[in-house]
Amino acid sequence: QVGLVESGGGLVQTGGSLRLSCAASGSTFRISVMGWYRQAPGKQRELVAYITSAGGTNYADSVKGRFTISRDNAKNTMYLQMNSLKPEDTAVYYCFADVGITTVRSWGQGTQVTVSS
């Protein structure tokens, strides 16, 4: 019911910044929570941040103070502003949205973030 398309990944040096975008289409009015996971090779998937329909946010300890999650309802788009990037932030980042009464989870296709030293 909800399609998610990610963009904004790339290669940056330590200390640089990137902004990831996740554009939603379909029944966007029914989205309760949106957020970002990341996964690096050989590591468990990590919940990076999420934002609720009421605007509440939560961040992993590893990114607090550096990343900011936000949304633009008019554009049906969620953002992850990533500042002061570190090599350990290197991963594929996936956006998600929980939709509807049964909270079906939709996923973006993933975008690669690589931070070099």
Side-chain angles (χ1 to χ4, degrees):
Q1 302 180 62
V2 172
L4 302 175
V5 178
E6 302 179 37
S7 61
L11 173 64
V12 297
Q13 295 193 9
T14 298
S17 298
L18 286 172
R19 188 180 74 162
L20 306 184
S21 299
C22 179
S25 62
S27 301
T28 57
F29 185 79
R30 303 181 66 200
I31 295 174
S32 59
V33 178
M34 297 185 72
W36 298 86
Y37 278 88
R38 66 186 181 186
Q39 189 163 28
K43 295 184 178 180
Q44 290 285 337
R45 184 180 65 182
E46 178 185 23
L47 178 62
V48 177
Y50 66 83
I51 185 167
T52 70
S53 59
T57 60
N58 193 271
Y59 299 90
D61 288 341
S62 58
V63 306
K64 285 181 179 177
R66 300 187 298 118
F67 290 12
T68 303
I69 189 170
S70 63
R71 67 187 183 196
D72 186 334
N73 290 333
K75 297 180 179 179
N76 293 319
T77 301
M78 176 184 62
Y79 304 97
L80 185 68
Q81 179 66 46
M82 305 185 295
N83 298 326
S84 302
L85 283 163
K86 305 174 181 179
E88 50 263 45
D89 295 317
T90 296
V92 178
Y93 285 70
Y94 298 90
C95 69
F96 71 88
D98 292 340
V99 183
I101 298 173
T102 59
T103 61
V104 174
R105 179 159 289 182
S106 298
W107 291 94
Q109 80 280 6
T111 185
Q112 176 71 48
V113 172
T114 302
V115 185
S116 66
S117 60

Looking only at non-hydrogen atoms, find the nearest pair between S117 and T14 and report the distance. CA-OG1, 3.6 Å
Where do A24 and V2 come nearest, in terms of heavy atoms and distance? CB-CG1, 4.2 Å
Nearest 0.5 angstrom please: S53 OG to R71 CZ, how far? 6.0 Å
For V63 and V48, work out which heavy atoms get closest and say how close. CG2-O, 3.7 Å
Distance, nearest 0.5 Å, that separates CD of Q81 from CG of L20: 9.0 Å
Can you find a heavy atom in the side chain of S62 that is under 4.5 Å from one in the side chain of R38? yes
Which atom of S106 lies closest to which atom of V99, heavy atoms considered: OG-CG2, 4.3 Å
Would you say L18 and Y79 are hydrophobically clustered, going by side-chain heavy atoms of ILVMFWY under 4.5 Å? no
Centroid separation F96 to Y37 less than 6.0 Å: yes
So how far is it from D98 CG to I31 CD1, rounded to the nearest 0.5 Å? 9.0 Å
Same hydrophobic cluster for Y50 and L80, using side-chain heavy-atom links shorter than 4.5 Å among ILVMFWY? no
What distance separates M34 CE from T52 OG1, expressed to the nearest 0.5 Å? 12.0 Å
What distance separates C95 SG from Q109 CD, expressed to the nearest 0.5 Å? 7.0 Å
Between M82 and Y93, is any pair of side-chain heavy atoms under 4.5 Å apart? yes
Can you name the closest pair of heavy atoms from E6 and G110 and give their distance? OE2-N, 3.1 Å
Under a 4.5 Å side-chain heavy-atom rule over Ile, Leu, Val, Met, Phe, Trp and Tyr, are Y94 and L47 clustered together? yes
Going by heavy atoms in the side chains, are S17 and V12 under 4.5 Å from each other? no
Sidechain N-carboxylate O distance under 4.0 Å for D89, K86: no
Should we say atom CD of Q13 is surrounded by more than 12 heavy atoms from elsewhere, each under 6.0 Å from it? no
Indicate, with yes or no, if V33 and I69 share a hydrophobic cluster defined by side-chain heavy-atom contacts under 4.5 Å among Ile, Leu, Val, Met, Phe, Trp and Tyr. no
Side-chain touch E88/V115, heavy atoms, less than 4.5 angstrom: no
At what distance, to the nearest 0.5 angstrom, does CG of N76 lie from OG1 of T28? 3.5 Å
Is there a donor-acceptor contact under 3.5 Å from the side chain of S84 to the main chain of G15? no
For the residue pair W36 and M78, establish whether any side-chain heavy-atom pair is separated by less than 4.5 Å. yes
